[in-house]
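Indexing begins at 1, ligand by ligand and atom by atom, following the structure's order. Every heavy atom of this structure was used, including side-chain atoms; hydrogens, water molecules and symmetry mates were not.
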Amino acid sequence: MSAPDPSLLSINTATVRAQWPLPDTIAALARHGIRGISPWRDQVAAAGLDDTARRIRDAGLTVTGLCRGGMFPAPDREGRRAAHDDNRRAVDEALTLGAQCLVLVVGGLPKDRGGQIVSRDLAGAREMVRDGLGSLYEYAHGAGMPLAIEPLHPMYAADRACVNTMAQANALCDELAPDGTDGLGLAVDVYHVWWDPLLRAEIIRAGERNRLFAYHICDWLVPTRDLLNDRGMMGDGVIDLPLIRGWMDAAGYRGMHEVEIFSAQDWWKRDGDEVLLTCRRRHAEAS
Ligand code: ZN
């Protein structure tokens, strides 16, 4: 694999969220000549939606995704209604920001208002995901906002997402958008799917239906000290990133490469400019 085009680098703002509030991150990306951004909704809310949209436009950044919608399962109708309403707001925010897609972390087992899991019915949770997603898709498709289902590593099946493989996400797309429209697709995050023996085949399957909406990169550290907040910088772990990028490329993906690193013990402790410089270098050398 030749080195990736440096202009395809995008930064998920979680990567520097400990260092900078969103307006500072936008300014830093512009300063570093980085062309893409993927912000989180809580940061957007804190900085103001319209103000953030203006700053991103002024900086000339491509919004490779808005993080995130989803979290469909809930123990009662009220909870599912709240998720339904919040997801529609997320679609509207993504439209205001000019995002290429709304990224969906679909949710795991149903939780009560206090965040306690109240059910062991995993199959039932997956049905709630399908129903909630189907309903949201109607709204988002009508509004012109693509939805990107992000399969999460199975270690998150209980508390974050019960869609855990590319095959599962592809099957949901087949069921809910059988014509292969451009409104429902996948966010491929290497942290979650690198281990999957079917990864290449499922990337090709998604590419054939134009469903590859986003590509998130980082690395898998050995050992991983924290399930959520110990992602590695590209090149520091065991994922063959050039190989997977080659599969994405061969499947027709032409979008940006979004660096998404939650790293409480390492990268969040460093100077933000050092993190962005390292992202640029490792994107070129190890992705
Ligand atoms: Zn991701």
Atoms listed for the Zn ion (ligand 1) (protein only, N, O or S, under 2.8 Å, no waters) are Glu150 OE2, Asp189 OD2, His216 ND1, Glu260 OE1
For salt bridge (Lys or Arg N to Asp or Glu O under 4.0 Å), just list the numbers for Asp86 and Arg41, CA-CA rounded to whole Å, side-chain angles, deciding distance to a tenth of an Å, and then say yes or no. CA-CA 11 Å; Asp86 186 59; Arg41 289 180 68 206; 3.0 Å; yes
TODO: Determine whether the aromatic ring centres of Phe72 and His84 lie less than 6.0 Å apart.
DONE: no
d(Thr25 OG1, Trp40 CH2) to nearest 0.5 Å is 14.0 Å
Parallel, tilted or perpendicular: which describes the rings of Trp220 and Trp194, with under 30° parallel and over 60° perpendicular?
-> tilted
Is the closest side-chain donor-acceptor distance between Asn229 and Trp268 under 3.5 Å? no
Query raised in the report: Side-chain contact, heavy-atom cut-off 4.5 Å: Leu9 with Arg280?
Result: yes
